[in-house]
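Single-structure report; data block below.
When a ligand or atom number is given, it counts from 1 through the structure's own listing order.
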Amino acid sequence: MSGFEDVNYYFRKAARIMDLSAHVEQMLVTPFREVKVDVSITLDNGELGTFIGYRVQHDNSRGPMKGGLRYHPTVDMDEAQGLASLMTWKTAVVNLPYGGAKGGIAVDPAALTPREQERLTRRFVQQIHDIIGPHRDIPAPDVNTNAQVMAWIMDEYSRIHGFSPAVVTGKPVELFGSRGREEATGRGVVMALEEHLKDAGLGEVRGKTFAVQGFGNVGSWACRFLHDRGGRIVAIGDAGGGVRNPEGLDIGALLAHARTTRTVSGFAGGEPISNEALLRLDVDVLVPAALGGVITEANAADVRARIVLEAANAPTTPRADEILQERGVTVLPDIWVNAGGVTVSYFEWVQNIQQFTWDEDRITAELGRHMREAYATLARVVRERQVSFRTAAFIVAIGRVGRATALRGV
Ligand code: NAD
């Protein structure tokens with residue numbers, strides 16, 4: 001299945017339970033707008049570099065559209081459609097006044113110099129500036145884009161439209177970014193788990209064992225928060241390999257190691273482990289926090305964790321999701337678990353519009369409120385409808401987007 005088909009599979013499963021008509025279903029899955037643009041730049045050596053940029057705006061019934069920009073060779077329309085629709089459902093689950101969007105450029109940014117990356121970013125903004133904006137579509141960082149890229153976007157957009165810090169989120173804190181944004185997704189992931197453990201009578205993070213795939217922004221912050229709460233992280237993998245220590249990895253020392261080597265691999269405080277073996281470890285909680293599509297039909301039967309905490313976007317394929325459910329593994333779904341990032345992006349946008357800054361305590365408290373309220377709603381739907389957390393999340397999201405669409409009138 002393609003990325004978009006995967007998301008729509010989950011959508012349709014929930015839509016069937018909700019008895020949505022085929023027409024409404026089709027309208028809700030169809031993207032509002034899809035744009036594909038030429039992003040040609042002069043490279044430092046004087047030659048022409050031609051790249052393709054994408055932006056998919058999925059739905060705007062609940063507010064301006066929101067979603068990341070990814071710079072990666074695999075970026076294409078299908079991936080952008082799938083991730084844009086996921087953003088529609090995610091913002092609805094945590095009840096933010098946004099719709100969903102996603103996009104990026106098919107490029108390997110590591111092959112470009114910083115000056116070329118800047119030219120590429122500015123050219124992309126010139127190509128899409130009339131369809132983005134603080135009240136239209138607000139990009140944010142995603143794979144291989146960061147606060148610096150967001151600063152260039154803000155500057156280029158402001159050059160054309162006048163001072164507009166609210167056109168992107170994930171900006172540097174010194175340039176209208178928000179405190180707490182960098183760690184927001186990892187913090188939200190751990191808040192999500194704590195809510196579930198409490199509600200399910202499973203105790204707390206302290207003493208539980210974890211295997212984490214991905215030690216980038218989301219994975220490393222999640223590990224820090226889990227470690228601070230007494231969780232025992234027994235394995236971590238990334239693109240360079242993996243490391244395992246049944247006694248629990250020393251996260252502080254591992255962060256220092258990864259800062260210099262850019263991978264967890266080779267860490268002296270543990271034994272090597274492959275990413276595939278990591279997914280099969282006997283732990284309380286498995287945390288995919290890297291790529292999509294890693295828990296598949298081929299390995300779902302071997303997952304021994306009791307809980308899968310989806311920190312990454314779309315880490316579980318639909319067939320794997322069914323296998324996990326049949327085996328009684330609780331999957332806490334991405335569209336709720338990793339929504340902390342977009343929630344604090346929302347706070348950044350609010351601060352930009354108000355020209356007022358919030359302190360970190362307020363941001364953490366408001367993030368906690370959004371995650372808790374979302375969980376309370378999901379847990380109620382799980383109990384009432386006897387469905388999985390993922391299906392409950394889609395039921396809640398589709399209900400909110402559907403009601404907004406109907407109230408506005410088609
Ligand atoms: P990142 O680029 O900072 O880190 C990605 C991590 O994945 C790195 O540790 C990398 O080594 C690892 N990785 C890459 N290829 C791998 C492979 N083949 N096997 C194992 N590990 C591999 O990205 P991030 O921002 O931490 O995002 C991680 C995931 O979380 C993505 O799915 C992203 O869409 C999702 N997400 C991120 C945010 C956010 O705020 N950053 C918000 C919501 C969802």
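Protein residues are said to neighbour a ligand when one of their heavy atoms lies under 4.0 Å from it; for ligand 1 these are Arg70, Asp142, Arg181, Thr185, Gln213, Gly214, Phe215, Gly216, Asn217, Val218, Asp238, Ala239, Asn275, Ala289, Ala290, Leu291, Ala311, Ala312, Asn313, Asn338.
In this structure Glu174 satisfies the side chain to side chain contact (heavy atoms under 4.5 Å, CB included) test together with Pro172, sequence neighbours excluded. Residues forming a side chain to side chain contact (heavy atoms under 4.5 Å, CB included) with His227 (at least two apart in sequence, or on another chain): Ile233, Ile251. For the side-chain hydrogen bond (donor to acceptor under 3.5 Å, both in side chains) test, residues two or more places apart in sequence or in another chain that qualify with Ser388 are Thr391.
At a cut-off of 3.5 Å, with distance as the only test, no side-chain donor of Thr296 or Thr317 sits close to an acceptor on the other residue. Inspection of the Asp76 and Tyr54 side chains reveals no N or O donor paired with an N or O acceptor under 3.5 Å. For the residue pair Glu182/Asn217, the side-chain donor-acceptor check at 3.5 Å is not satisfied.
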